[in-house]
Asks: 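Before anything else, here's the structure in question.
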Amino acid sequence: MAEAERGVRGDVAADPGTRAGVIRAALWLAVAVLGVRQMAVVLRRQPGESLIDLETWTGRDGILHVAGSLYEPGRFTGTPFAGLVLRPLTTSAEEALGVVWTFGTLLLVAALGLVAARGLPGPVTRRTAFLAAPLAITLLMVSLPVRNTLYLGQTSILPVLLVLVACFAVRGERLSGVLVGVAAALQPAVLLFAVLFWFTARRRAAVAGGAAFAFSTALAWAAMPHDSWTYWVHHVAGAGLGASPDTLGNQSLHGALLRFGLQGPLEVVLFLALAAAVTVLGLRRAVRYAHDGQLLLAVAVTGCVAVAVSPTAWQHQLLWVLLAVVGRVGTSARDRLVWPAVVVLVLTLPGKMLLPNIGVLLPVRDNTLLLVALGAACVAPFLPRSSPHWARPVPTDHVQPVAPRFSWVPLLPFWRRVLSRPNLLLELLLIRVVYSAYAKVRLAAAVGRPTAHGRQIHSLEQWLHIDVEHWVNHTVVGISWLREFFDYYYSTFHFIVPLTILGVLYVRRPSDYRWARSSIGFATVLALVGFWLYPLAPPRLMPGLGFIDTVHGAQDLSSPDFGALTAVTNQYAAMPSLHFGWSLWCGVVIAVLAPKAWMKALGLLHPLFTVSCIVATGNHWVLDAVGGATVVGLGFGLTYALAGPRRLRAAQDAAGPDGEDATAGSGTAGPVAEKTSAPA
């Protein structure tokens with residue numbers, strides 16, 4: 001255990017190379033930028049808009065004070081000992097407190113990242129040790145618990161830091177136990193770490209932890225008996241404080257059962273039974289990982305157990321879950337990133353960005369953090385260090401693309417082409433997150449001068465003699481069946497066709513799937529830049545031009561917002577047209593990859609129908625389609641420039657002059673199955 005507690009040694013932090021140094025500098029720069037941004041956010045906000053959980057202490061004159069019970073306003077959710085710790089702040093001015101509190105919290109986050117980096121289970125490569133600290137601090141900075149803590153003014157980072165310091169930064173079992181006991185006095189479920197100490201042969205630390213917790217709690221009880229009675233007895237260890245325990249913010253088993261509609265004695269009995277099962281199973285796993293030399297993982301698992309079994313586990317108390325990112329799951333290299341990616345995404349993005357608003361998925365979306373905590377505590381098959389795949393997973397098959405036409409291609413030679421299909425869960429998460437970011441940026445894009453830009457586009461089209469939108473729109477309106485066809489096509493095939501193509505490529509042509517996914521991703525990002533820089537009103541929202549909105553119905557053009565749809569989507573994201581852009585991407589992919597001529601021709605009909613319907617329905621100008629084609633072309637071009645040609649070398653071409661596999665150095669494990677004569 002003594003060796004397991006030390007993690008990374010100082011000698012492995014030597015400079016492993018120039019590239020790693022550049023990455024490390026970039027990460028530290030990101031840490032600095034995030035810290036400055038958080039300070040700026042606090043300084044810009046008016047009193048009452050930040051550190052809102054500290055309003056319990058704020059008087060009318062802007063000076064912090066404690067008048068009466070801590071829990072009378074119902075906002076303070078910490079333990080009485082936490083209130084006792086905060087009492088020295090009652091002489092601080094509110095504005096000064098905002099600066100000092102935020103700066104102090106950021107220092108705690110930095111210290112937490114440094115200590116966590118020390119706890120990585122060895123052996124650790126020099127590059128990992130070199131980058132671990134800034135990467136850990138960056139992840140902590142962007143995580144939901146830290147952002148929530150900075151916004152509310154909570155002390156939830158301190159218990160995590162005290163436990164990590166007790167495990168990795170101090171010598172002596174008694175001092176380690178005292179630190180854990182103080183942490184438990186701030187967050188009672190942390191007392192589970194004393195149990196972890198007991199079962200990992202650190203009995204003195206366990207006893208010292210229990211004694212420190214009892215002393216701290218008794219001290220707070222003596223100083224604030226009424227508040228202690230309110231917290232420990234009336235509110236059952238804080239279960240009734242703050243928001244209602246059945247709200248989405250409470251990511252504990254108790255909160256989940258309440259959200260499922262269980263109430264009363266049945267819910268209490270079921271919660272206690274589940275909590276006992278999770279505690280036994282989770283702590284057994286934690287003890288096993290501690291004996292295996294993965295003490296940081298053992299700490300993360302124990303923290304996840306504490307999250308699940310607490311009566312309330314608010315978002316700012318869930319930092320334990322992020323520590324579970326150190327666990328290694330999967331024997332192959334392509335699956336190794338699944339678990340850390342899931343943890344990081346869940347701990348940095350809201351659930352609505354990870355899962356769509358579909359009824360059957362709502363129980364999962366509403367309890368995402370709890371499910372990940374339970375997964376880390378009880379389910380995730382973390383590899384032991386004795387596994388042959390712990391340090392060396394089964395490599396992924398790579399292959400070289402065909403020789404490019406230009407010597408400077410690829411710009412990113414480390415972006416190696418992979419033959420096997422990527423992990424499905426990661427791909428689904430990637431698609432969902434990218435689409436959520438696309439929708440959010442599209443909605444948040446500045447409106448600017450949408451109608452003025454619309455008149456610019458209209459004038460340019462008149463000058464080019466391509467202003468056919470009004471004629472096409474009114475002609476189609478007069479033909480009912482054609483209008484219904486274009487309305488249906490506009491609202492239906494925009495998402496179905498690209499997703500279908502990606503699904504087929506994922507199953508049948510995995511190497512081409514990666515090429516296609518990258519190209520549409522680049523095109524979408526470039527389109528978002530266009531939405532932001534050039535907000536453009538579509539024809540249907542141009543006053544005085546007489547266009548008919550066949551899809552959405554009549555819009556109130558006298559309203560400054562041009563109708564109610566503006567509340568749910570940015571109606572001025574017309575340039576470039578991703579309706580046409582994505583359809584053109586579909587046509588190109590089908591034309592390049594389809595084995596039959598009739599398939600290629602059928603695929604090219606999709607962009608033809610799409611450009612017809614976006615003009616006929618009054619949703620886009622002709623030049624919007626030109627913009628869509630431009631970003632798609634740039635998307636394909638960027639993919640080619642960064643990763644090289646789409647086509648891969650055939651098996652016989654991959655062999656070197658002596659018959660050896662020329663791609664062996666890049667991890668190729670087998671021959672290339674794909675042979676195609678399609679253009680690069």
Side-chain angles (χ1 to χ4, degrees), residues 52-53 56 70-71 73-79 82 143-157 159-160 184 186-192 230-279 282 302-322 324 343 346-355 361-378:
I52 58 177
D53 278 3
T56 299
L70 288 172
Y71 306 109
R75 289 177 176 171
F76 187 71
T77 59
T79 64
S143 67
L144 292 174
V146 169
R147 283 148 52 192
N148 200 258
T149 297
L150 289 167
Y151 169 69
L152 295 175
Q154 282 284 349
T155 60
S156 52
I157 295 177
V160 184
L186 295 171
Q187 190 174 331
V190 174
L191 196 58
L192 286 171
T230 299
Y231 181 86
W232 292 107
V233 179
H234 182 66
H235 287 296
V236 192
L241 296 173
S244 175
D246 63 347
T247 59
L248 296 181
N250 180 16
Q251 290 291 306
S252 69
L253 283 170
H254 178 52
L257 293 175
L258 292 176
R259 286 191 290 274
F260 279 114
L262 297 175
Q263 298 287 340
L266 175 62
E267 188 274 330
V268 173
V269 171
L270 185 56
F271 166 64
L272 292 177
L274 290 175
V278 170
T279 300
T302 306
C304 289
V305 173
V307 166
V309 304
S310 297
T312 54
W314 305 115
Q315 191 175 81
H316 58 83
Q317 298 172 327
L318 302 182
L319 202 54
W320 303 103
V321 184
L322 185 60
V343 173
V346 168
L347 266 293
T348 55
L349 299 176
K352 62 183 179 181
M353 287 192 68
L354 300 175
L355 293 172
L361 295 178
L362 290 183
V364 178
R365 192 182 75 173
D366 294 344
N367 300 285
T368 303
L369 289 165
L370 172 62
L371 292 174
V372 174
L374 289 173
C378 305

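For the numbers below, each heavy atom of this structure counts, side chains included, while hydrogens, waters and symmetry mates do not.
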Asks: Looking only at heavy atoms, which two atoms of T279 and V305 are closest? And how far apart?
Replies: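 What the structure gives for the nearest pair is CA-CG1, 3.8 Å.
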Asks: Do any side-chain atoms of residues 238-248 form donor-acceptor pairs under 3.5 angstrom with protein atoms, and if so which ones, sequence neighbours left out?
Replies:
residue, atom, partner, partner atom, Å
S244, OG, D246, OD1, 2.5
T247, OG1, S244, O, 2.8

Asks: Rounded to the nearest 0.5 Å, how far apart are OG of S252 and CG of L274?
Replies: 11.5 Å
Asks: Is the closest side-chain heavy-atom distance between T79 and Q187 below 4.5 Å?
Replies: no
Asks: Of the non-hydrogen atoms in A373 and C304, which two are nearest, and what is the gap between them?
Replies: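 Shortest heavy-atom contact: O-CB, 3.4 Å.
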Asks: Distance check, rounded to the nearest 0.5 Å: T155 atom OG1 versus H316 atom NE2?
Replies: 8.0 Å
Asks: Using the side-chain contact (heavy atoms from CB on, under 4.5 Å) definition, which of the options N148, V307, V346 pairs with L318?
Replies: V307
Asks: Going from CG on L262 to NE2 on H254, what distance comes out if it is rounded to the nearest 0.5 angstrom?
Replies: 11.0 Å
Asks: Check whether any side-chain N or O of N250 sits under 3.5 Å from a backbone N or O of W314 as a donor-acceptor pair, and report yes or no.
Replies: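 Checking the backbone N and O of W314 against the side chain of N250, no donor-acceptor pair under 3.5 Å is found.
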Asks: To the nearest 0.5 Å, how far apart are CG in D366 and CZ in F260?
Replies: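 The CG atom of D366 sits 8.5 Å away from the CZ atom of F260.
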Asks: Answer yes if the side chains of S156 and T149 hold a donor-acceptor pair under 3.5 Å, and no otherwise.
Replies: yes
Asks: Nearest 0.5 angstrom please: Q315 CD to R147 CZ, how far?
Replies: 8.0 Å
Asks: Are side-chain heavy atoms of L258 and F271 found at a separation under 4.5 Å?
Replies: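 They are not in side-chain contact.
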Asks: List the atom of V309, the atom of A275, and the distance in Å for their closest heavy-atom pair.
Replies: CG1-O, 3.5 Å
Asks: Is the closest side-chain heavy-atom distance between L369 and L347 below 4.5 Å?
Replies: yes
Asks: Going from CZ on R259 to CG on N367, what distance comes out if it is rounded to the nearest 0.5 angstrom?
Replies: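 It comes to 4.5 Å.
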Asks: Show the nearest heavy-atom pair for residues Y231 and P188, with the distance to one decimal.
Replies: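 Closest approach of Y231 to P188: OH-CG, 3.7 Å.
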Asks: Can you name the nearest heavy-atom pair linking P159 to V190, along with the distance?
Replies: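 For P159 versus V190, the nearest heavy atoms are CB-CG2, 4.4 Å.
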Asks: Can you give me the closest heavy-atom contact between C378 and V278, atom names plus distance?
Replies: SG-CG1, 3.9 Å
